[in-house]
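Here is the structure we will look at.
In what follows, residues are counted from 1 in the order of the sequence shown. Just so you know, ligand 1 is whichever comes first in the structure, and atom 1 is the first atom listed for that ligand.
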Amino acid sequence: MSAQRKDDHVRLAIEQQDTRSGINQFDEVSFVHHALAGIDRPQVSLDTTFAGISWQVPLYINAMTGGTARTGAINRGLAIAARETGVPIASGSVHAYLKDPTCADTFRVLRQENPHGFVMANVNATATVDDTRRALDLLEADALQIHVNTAQETAMPEGDRSFGSWVPQIEKIAAAVDVPVVVKEVGNGLSRETVLLLRRLGVRAADVGGRGGTDFARIENGRRPLGDYAFLHDWGQSTAACLLDAQSAGLPVLASGGVRHPLDVARALALGASGVGASGVFLRTLLDGGPEALIEQLTNWLDQLAALQTMLGARTPADLASNDLIIHGTLRSFCADRGIDTGRLARRSRSADTLHNATGKAQ
Ligand code: FNR
């Protein structure tokens, strides 16, 4: 059942890539254009540092798959593209291996093809400390992702119905393992309250994993004979909303969910993310054109992100968080109700300027 589910997820995620339409709240975030803000391309770096982790690029291939012959082949392609571009990568949930070690190679290929890359192992919030160590060992992983997915489990025919142990379990794992722990949603978003709780639990970073891209409630509902959980489609907060909500919550945040192109990456970085992940878009590229096509796409995204930083005057991805942003439409209503000051975001480069002039750095 578990193995069949992995193949179903790939099929249904790709179907969504082809059919999904509707609002993506990244479109409600725009940069104020300052015509003389540009800098020289050689001044731009894509380096990012958070939670004691240093990446040469602020982009990663987020958790997807493993556990079957088909998904092992997908992992090989993803790993080759990660290796050739230096983009960090996360495995799909390693529970298939924890239940049936004979499928180890379908995950291990992520490390074998990418021996020097940054690899994250992915488990769910019911994993024991021992499970987690086995997952990390399998991939010789540099970090751990724990996914939280109550909406997915609720719509999943064979899903979990008990979530009460997740908080103490996350705390236990965070205290026990030696690598940084990132808690991620799978597309329904993390609220500010959740991010604050994760900080208290000892987690090192939160991947807000918001609504707007691959929708797992929709995928699981597609696996139900009656499709009777359609009311959970589009559940939760968008990635842009989560990033706004998590501002100054005191925990590094990563962004994923509905990231479509380099401008969305720049928007997410400007909203405070230290790194930006995508899954569905990269999966489709890999299945359509193989690792070469994905290498080309990742290379183009990084090149275009550097071009955007050059135009926007951001020497580093973190500098984008001083750029002025206008928040529009439904996202603006969300901010009003959650007490988020959109006026401050629209004028924040002025205070950065004052600071620059005061220290003489802008001469
Ligand atoms: C996923 N995702 C996922 N997440 C996770 O934490 N563990 C997992 O095993 C999986 N499995 C998985 C399979 C497939 C086929 C896809 C496309 C995605 C969720 C993924 O990491 C991400 O959070 C969502 O897909 C939202 O990002 P995109 O697809 O909108 O970029």
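- Within 4.0 Å of ligand 1, protein heavy atoms come from His9, Val10, Ala13, Asn62, Ala63, Met64, Gly92, Ser93, Asn122, His147, Lys184, Glu185, Val186, Gly213, Thr214, Phe216, Gly257, Gly258, Ala278, Ser279, Gly280, Leu283.
- Annotation: the span from Arg133 atom CZ to Ile173 atom CD1 amounts to 10.0 Å, rounded to 0.5 Å.
- A salt bridge does not link Arg5 to Asp8: none of the charged nitrogens lies less than 4.0 Å from a carboxylate oxygen.
- In this structure, CZ on Phe216 lies 13.5 Å from CG on Asn221, to the nearest 0.5 angstrom.
- For the atom pair CZ of Arg211 and CD of Gln25, the computed distance is 5.5 Å after rounding to the nearest 0.5 Å.
- Checked for salt-bridge contact, Glu15 and Arg11 meet the test: a charged N lies under 4.0 Å from a carboxylate O.
- By the 6.0 Å and 45° rule, Arg260 does not stack over the aromatic ring of Phe26.
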